[in-house]
Structures are given as structure tokens and as C-alpha cells.
Amino acid sequence: MTGKVSCFADLDELSEAAASFVSDRSDAAISERGHFTIALAGGSTPRRLYEILASPAWAKRISWGRWQVFFSDERLVELSDERSNFRMANETLLNQVPLPSKNVHSVPVDVTDSRKVAEQYEASIRRTFEQPDTVPRFDLILLGLGSDGHTASLFPGKPALTESQRLVVDSEPGVLPPPVPRITFTFSLINAAHSVLFLVAGEDKRKAFRAAILGSTGNADTVPAARVRPTDGTLDWYIDSTAKP
Ligand code: 6PG
């Protein structure tokens, strides 16, 4: 299942549609399970979506107190660092809405050993889901796409791509900036989700998007995003007109 592709005129239109997508998934999850577990994407593309979700029109529609927020990857820098995915999400959304701080699970970046950071983050996910033995199923995982075909911090040719047991691993920097150590969700955790939504905008993503959609899962080494194939969940791609092949 390579997913459903929706193309929008520009990033603004894409982000408005993504806000509706997130709100609908939140309503459905809260109605079915009493809460909404979401993993936010990093990078710059989701910024507009987060700003829209924090706007009065949307903010009043969402039951923020039922949300549990994680990050599908993080750069191992101070949370106040401008390269931090947490900082971007916090500035645009998390500290703009009545989301209890205990429900925002930032990555313990103060731990010096990146493997330990990944282990601690995985443990916090398992604690929140209260599922020590099975793979937790996020209601929604948001992902971006790098022009090199990476997603989260699953970079071409890196060891994290072949991890089959752990849910969160440490990841060496890829070729794209910023060249800092990271932690990332693995394919095991991503593909267990009820729903995965990619946000892709920009002409520089066109080649990677085409490869990710058309590519077989066998070419994960060159196009990691091609390995995102939810086992029992939905896969949606929201792209803008410049990313359309
Ligand atoms: C990261 C991101 C990364 C991002 C893509 C797209 O921490 O680097 O999670 O996977 O989503 O690189 O980034 P842009 O949205 O900035 O193009």
C-alpha cells in the first residue's frame, strides 16, 4: 500500500487540509479510545500546520487535554536550540494551546549517550501506552520527506534502517543539515501506526517523493521513505503542486 496522495496548490492549502486531517483523527481516536496519541514531524514543512492548529478557529475544536504528544525524531541539541524539533513545535503549537505539559513528551536530550536517549524515549512511549510487550500503535504519526529520500531521521544507508527490534534508535547525521546526532522512530514503530501522514512541499522533494511512492520496500537503503507502509493503518501523502512528479 503506497498510500493515498492528495495534491494542493501550495503549502498554505496543504497545511489547512492537514489541520482538518489531524482534527478528524483526533476526534475519532478520542471517541474510540478516550485519547489521541500523535508523533509530530520535525523540519520546517510542518511549521504552518502547527500554526494553523494553534489558531483560534482550530484550537477551540480540539480536545487538547486528551492528546499525548511525542516526536518522530529529534536532534540531540538543547531543547532551546533553534535546530530542535521540540522548539519549533513548542513555539508554533504546544505552548499556544491548553495542552497539559505532562502530555508533551520531549526527548531527554540532556542525556549524553545517544543510545541511552533512544532507550529512555522508547521506555517513555511504552509507559504512556501501557504496552510493555507489544509495539505501541500511535493514532497518528506525522512525517516529512528529505530530498535524499529520508524520513524522520532514517537516512539512506544508515544502520537505523535495519533495526527490527527497537522502536527508537540513535541515528548518525545524514548528508542533509543539521549534521547533529539524532534519535528516530524505527520502521517497526512507524508502520504500527493507525495513520501516517507525510507532509511534502517543494520542488526539491519531487524526485524523492516519486521514488518513495513508486519504490518497492526493497530500496529502503536509497529511499528510506519507501519503507513506510503501515501494517494495519492508513498512509496519506499531502503534497504541494511543486512536489508533484
Ligand atoms: C528532521 C526531520 C526530517 C524532516 C525532513 C524534511 O529532524 O530533520 O524530522 O525528517 O522531516 O528532513 O525537512 P523539511 O520539512 O525542513 O524540508
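The figures that follow rest on heavy atoms only: side chains count, while hydrogens, waters and symmetry mates do not.
The shortest non-hydrogen separation linking Ala208 to Gly149 is CB-N, 3.8 Å. Shortest non-hydrogen contact noted between Ala212 and Arg229 is O-NH2, 3.1 Å. The shortest non-hydrogen separation linking Pro173 to Pro181 is CG-N, 4.0 Å. Here the shortest heavy-atom pairing between Gly146 and Leu176 reads CA-CD1, 4.2 Å. The shortest heavy-atom contact between Ala9 and Ser241 is O-OG, 2.8 Å. Scanning all heavy atoms of the two residues, the minimum distance from Arg66 to Gly34 falls at NH1-O, 3.1 Å.
A continuous path of Ile, Leu, Val, Met, Phe, Trp and Tyr side chains, each step under 4.5 Å between heavy atoms, connects Leu214 with Val228, placing both in one hydrophobic cluster. Residue Phe155 is not grouped with residue Val77 when hydrophobic side chains (ILVMFWY) are merged at heavy-atom distances under 4.5 angstrom, including chains of intermediate members. Linking Ile, Leu, Val, Met, Phe, Trp and Tyr residues whenever their side-chain heavy atoms come within less than 4.5 Å leaves Val135 and Val169 in two separate clusters. Tracing side-chain contacts under 4.5 Å through hydrophobic residues (I, L, V, M, F, W, Y), one reaches Ile183 starting from Leu161; they form part of the same cluster. Cluster membership check: Met88 does not share its hydrophobic cluster with Val180, using side-chain heavy-atom separations under 4.5 Å among Ile, Leu, Val, Met, Phe, Trp and Tyr.
Judged purely by distance below 3.5 Å, without hydrogens or angles, the side chains of Thr184 and Asp73 never pair a donor atom with an acceptor atom. Side-chain N/O atoms of Ser6 and Trp237 include no donor and acceptor closer than 3.5 Å. For the 3.5 Å distance criterion, the side chains of Arg48 and Ser15 fail to qualify, holding no donor opposite an acceptor. At a cut-off of 3.5 Å, with distance as the only test, a side-chain donor of Gln68 or His105 sits close to an acceptor on the other residue. Donor-acceptor pairing under 3.5 Å is recorded for the side chains of Thr234 and Ser195.
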Assess the residue pair Glu91 and Gln96 against the criterion (side-chain contact (heavy atoms from CB on, under 4.5 Å)); give the C-alpha distance rounded to whole Å, side-chain angles, the decisive distance to 0.1 Å, and a yes or no. CA-CA 7 Å; Glu91 284 174 348; Gln96 307 289 327; 5.8 Å; no

Checking Ile141 against Leu143 for the side-chain contact (heavy atoms from CB on, under 4.5 Å) test, could you report, in this order, the C-alpha distance in whole Å, the side-chain angles of both residues, the deciding distance, and whether it holds? CA-CA 6 Å; Ile141 295 179; Leu143 293 174; 3.9 Å; yes

Assess whether side-chain contact (heavy atoms from CB on, under 4.5 Å) is satisfied between Leu40 and Tyr50, documenting all intermediate values. CA-CA 9 Å; Leu40 300 180; Tyr50 300 161; 3.3 Å; yes

Set out, in order, the CA-CA distance, both residues' side-chain angles and the distance that settles ring-ring contact (aromatic ring centres under 6.0 Å, His included) for Phe198 and Tyr238, then state yes or no. CA-CA 6 Å; Phe198 273 96; Tyr238 277 17; over 10 Å; no

Under the side-chain contact (heavy atoms from CB on, under 4.5 Å) rule, what do Leu79 and Arg87 come out as? Steps first, then yes or no, please. CA-CA 6 Å; Leu79 296 182; Arg87 174 175 158 173; 6.0 Å; no

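Residue Arg33 qualifies as enclosed at atom CZ: its count of foreign heavy atoms under 6.0 Å is above 12. Around CD of Glu32, the count of heavy atoms belonging to other residues, nucleotides or ligands within 6.0 Å exceeds 12. Within a 6.0 Å radius of CD in Glu13, more than 12 heavy atoms belonging to other residues, nucleotides or ligands are found.
Taking the side chain as every heavy atom from C-beta outward, Arg75 and Pro178 approach each other to under 4.5 Å. When side chains are defined from C-beta on, Ser171 does not count as touching Leu154, because their heavy atoms never get closer than 4.5 Å. Annotation: side chain of Thr186 is not in contact with side chain of Val168 (no heavy-atom distance under 4.5 Å). Using a 4.5 Å heavy-atom cutoff, the side chains of Phe70 and Thr128 are in contact. The shortest side-chain heavy-atom distance between Arg126 and Pro136 falls under the 4.5 Å cut-off. Proximity of Leu53 to Val22: side-chain heavy atoms (C-beta onward) are separated by under 4.5 Å at one or more points. At least one side-chain heavy atom of Glu74 sits under 4.5 Å from a side-chain heavy atom of Ser84. In this structure, the side chains of Leu167 and Tyr121 stay at 4.5 Å or more apart for every pair of heavy atoms.
In this structure, Phe209 CZ and Asp240 CG are separated by 10.5 Å, a value rounded to the nearest 0.5 Å. Separating the CZ atom in Phe86 from the CG atom in Leu94 is a distance of 6.5 Å, to the nearest 0.5 Å. For the atom pair Lys158 NZ and Ser153 OG, the distance stands at 11.5 Å (nearest 0.5 Å). Expressed to the nearest 0.5 Å, how far CG of Leu189 lies from CZ of Arg166 amounts to 12.5 Å. With rounding to the nearest 0.5 Å, the separation of OG1 in Thr37 from CH2 in Trp67 is 10.5 Å. Between atom CZ of residue Arg25 and atom CD1 of residue Ile30 there is a gap of 13.5 Å, rounded to the nearest 0.5 Å.
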Side chains of residues 111-120: which donor-acceptor partners sit under 3.5 Å, not counting sequence neighbours?
{"from": "Asp113", "atom 1": "OD1", "to": "Arg115", "atom 2": "N", "distance (Å)": "2.7"}
{"from": "Asp113", "atom 1": "OD1", "to": "Lys116", "atom 2": "N", "distance (Å)": "3.1"}
{"from": "Arg115", "atom 1": "NE", "to": "Glu119", "atom 2": "OE2", "distance (Å)": "3.1"}

Name the atoms and distances for all side-chain donor-acceptor pairs under 3.5 Å in residues 54-64, with sequence neighbours left out.
{"from": "Ser55", "atom 1": "OG", "to": "Ile52", "atom 2": "O", "distance (Å)": "2.5"}
{"from": "Trp58", "atom 1": "NE1", "to": "Glu16", "atom 2": "OE1", "distance (Å)": "3.4"}
{"from": "Trp64", "atom 1": "NE1", "to": "Ala59", "atom 2": "O", "distance (Å)": "2.9"}

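With hydrogens and angles ignored, the 3.5 Å screen pairs no side-chain donor or acceptor of Lys244 with any backbone N or O of Ile239. Between the Thr151 side chain and the Ala225 main chain, no donor and acceptor come within less than 3.5 Å of each other. Between the Arg182 side chain and the Leu76 main chain, no donor and acceptor come within less than 3.5 Å of each other.
Taking the side chain to side chain contact (heavy atoms under 4.5 Å, CB included) definition, one finds that Thr231 meets it with Asn191, sequence neighbours left out.
Under the side chain to side chain contact (heavy atoms under 4.5 Å, CB included) rule, Phe138 has a single partner from Ile190, Ile38, Val196, Ile125, which is Ile125.
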